[in-house]
Trainee: 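One structure is given below, represented as structure tokens, and several questions about it will come after.
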Amino acid sequence: HVGEEEKPRLLRGVGNRLEPERDQPASDFRVLQRRPGLLVQTVDEIDTEFGGNGAAPAMARTNLGNALLMAGRVEDALVLQRQALALASRAFPADHPKRALLELNLAGTLLPHGDAREALDGFERARVVLEASVGPDHPHVAHALGGIGEARLALADFQGAREVLERAEA
């Protein structure tokens, strides 16, 4: 049973890849798989508290979108990721790293949706902001580079994919 006090931790804990080595309890995603309404309810509560505007509702939507993507609900995830980025665009300037992370999440959802060109553009925008804000060696930059490589592969740009994936690996 998940109590009210655990909802915020679960909401914060849902990320793109929920890997235990990233200090993420693997049990969080299993709880959300069993009770997906829990995260939806938490998003609704955050909307009520913040009036549906700002960083908190954007983060809630991106986290729910990530959970839905991992559950194979790509269409639902895409709607939430687009909403999250729209909210973040009003809450953060274009060069803010949090906005870039939401751009990464949207791009990561666009790829399995079959929108490789739009995903590539999103990964590129996020990479530029993240390199400038957290430095070229940060793991978020590597994530963006990996996404750029995946998108280029999907677009049959094999040489471009190889170059960027080699950089991501370095």
Side-chain angles (χ1 to χ4, degrees), residues 11-24 28-29 32 39 43 46 50 52-170:
L11 180 63
R12 284 190 307 272
V14 176
N16 256 354
R17 290 190 171 81
L18 290 182
E19 297 161 322
E21 61 269 16
R22 281 187 22 202
D23 213 17
Q24 170 60 49
D28 284 1
F29 186 59
L32 291 171
L39 194 51
V43 170
I46 289 172
F50 292 92
N53 292 308
M59 299 308 289
R61 278 173 177 72
T62 200
N63 288 339
L64 177 55
N66 289 339
L68 292 172
L69 180 62
M70 286 184 277
R73 294 174 53 187
V74 178
E75 292 291 332
D76 295 330
L78 187 58
V79 168
L80 286 162
Q81 295 297 3
R82 288 190 190 283
Q83 290 173 354
L85 187 58
L87 287 168
S89 296
R90 293 192 296 271
F92 303 112
D95 62 349
H96 196 284
K98 283 190 178 181
R99 183 170 163 181
L101 292 176
L102 295 179
E103 186 87 55
L104 274 179
N105 287 343
L106 173 58
T109 305
L110 287 163
L111 268 179
H113 189 258
D115 298 321
R117 171 57 55 197
E118 189 179 352
L120 177 60
D121 294 343
F123 284 126
E124 288 282 8
R125 283 190 298 274
R127 178 196 56 81
V128 169
V129 170
L130 291 168
E131 281 183 338
S133 60
V134 298
D137 298 326
H138 194 279
H140 291 321
V141 174
H143 181 133
L145 290 169
I148 291 167
E150 287 182 54
R152 287 185 177 175
L153 283 172
L155 294 167
D157 176 6
F158 303 114
Q159 182 60 34
R162 180 178 180 203
E163 290 168 5
V164 76
L165 290 172
E166 286 174 350
R167 178 177 169 212
E169 190 177 71

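FYI, side chains are in, hydrogens and waters are out, and symmetry mates aren't considered; it's all heavy atoms of this structure.
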Trainee: Using a strict cut-off of less than 4.0 Å between a Lys/Arg side-chain nitrogen and an Asp/Glu carboxylate oxygen, indicate whether Arg152 and Glu124 qualify as a salt bridge.
Mentor: yes

Trainee: Does Ser89 use its side chain to pair, donor to acceptor, with the backbone of Leu85 at less than 3.5 Å?
Mentor: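 Here the side-chain-to-backbone pair exists.
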
Trainee: Looking only at atom types and distance, does a side-chain atom of Asp115 sit under 3.5 Å from a main-chain N or O of Glu118, one as donor and one as acceptor?
Mentor: no

Trainee: Quick test of your reading of the model: are Arg125 and Glu131 salt-bridged, counting only N-O distances below 4.0 Å?
Mentor: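 Salt bridge flag = no for Glu131 with Arg125.
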
Trainee: Just so I know, are the side chains of Phe123 and Leu111 near enough to count as touching, which here means a heavy-atom distance under 4.5 Å?
Mentor: yes

Trainee: Using every non-hydrogen atom in the two residues, find where Ala77 and Leu69 come nearest and quote the distance to one decimal.
Mentor: CB-N, 3.7 Å

Trainee: Just so I know, are the side chains of Leu68 and Leu80 near enough to count as touching, which here means a heavy-atom distance under 4.5 Å?
Mentor: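 Yes, their side chains come closer than 4.5 Å.
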
Trainee: Is Glu103 salt-bridged to Arg99, cutoff N-O under 4.0 Å?
Mentor: no

Trainee: Pair Asp121, Arg117 - check side chain to side chain contact (heavy atoms under 4.5 Å, CB included), show working.
Mentor: CA-CA 6 Å; Asp121 294 343; Arg117 171 57 55 197; 4.2 Å; yes

Trainee: Do Glu75 and His113 get their side chains close enough for a donor-acceptor pair, meaning under 3.5 Å?
Mentor: yes

Trainee: Are Leu104 and Leu130 packed together at the side-chain level, in the sense that at least one heavy-atom pair is separated by less than 4.5 angstrom?
Mentor: yes

Trainee: For the atom pair NE2 (His96) and CG (Leu101), what is the distance rounded to the nearest 0.5 Å?
Mentor: 9.5 Å

Trainee: Taking all non-hydrogen atoms of both residues, which atom of Ala168 and which atom of Ala142 are closest, and how far apart?
Mentor: CB-O, 4.1 Å

Trainee: With a 4.5 Å limit on heavy-atom distance, are the side chains of Ser133 and Asp95 in contact?
Mentor: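 Result no, sub-4.5 Å side-chain heavy-atom pair not found.
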
Trainee: Please determine whether side chain to side chain contact (heavy atoms under 4.5 Å, CB included) holds for the pair Thr62 and Gln83, giving the CA-CA distance in whole Å, both sets of side-chain angles, and the decisive distance to 0.1 Å.
Mentor: CA-CA 8 Å; Thr62 200; Gln83 290 173 354; over 6 Å; no

Trainee: Would you mind reporting whether Leu165 and Leu145 have side-chain heavy atoms less than 4.5 Å apart?
Mentor: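 A side-chain contact is absent here, since even the closest heavy-atom pair is not under 4.5 Å.
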
Trainee: Any side-chain heavy atom of Leu106 sitting closer than 4.5 Å to one from Leu78?
Mentor: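 Yes, their side chains come closer than 4.5 Å.
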
Trainee: If you round to the nearest 0.5 Å, how far is CG of Asn63 from CG of Asn105?
Mentor: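 So the CG of Asn105 and the CG of Asn63 are separated by 7.5 Å.
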
Trainee: Nearest 0.5 Å, what's the NE2-CD1 distance between His143 and Ile148?
Mentor: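 His143 atom NE2 to Ile148 atom CD1 measures 10.5 Å (nearest 0.5 Å).
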
Trainee: In this structure, which one of Thr109, Leu110, Leu87 forms a side chain to side chain contact (heavy atoms under 4.5 Å, CB included) with Arg82?
Mentor: Leu110

Trainee: Which heavy atom in Ala58 sits nearest to a heavy atom in Leu102, and how many Å separate them?
Mentor: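 Reported closest heavy-atom pair: CB-CD1, 4.0 Å.
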
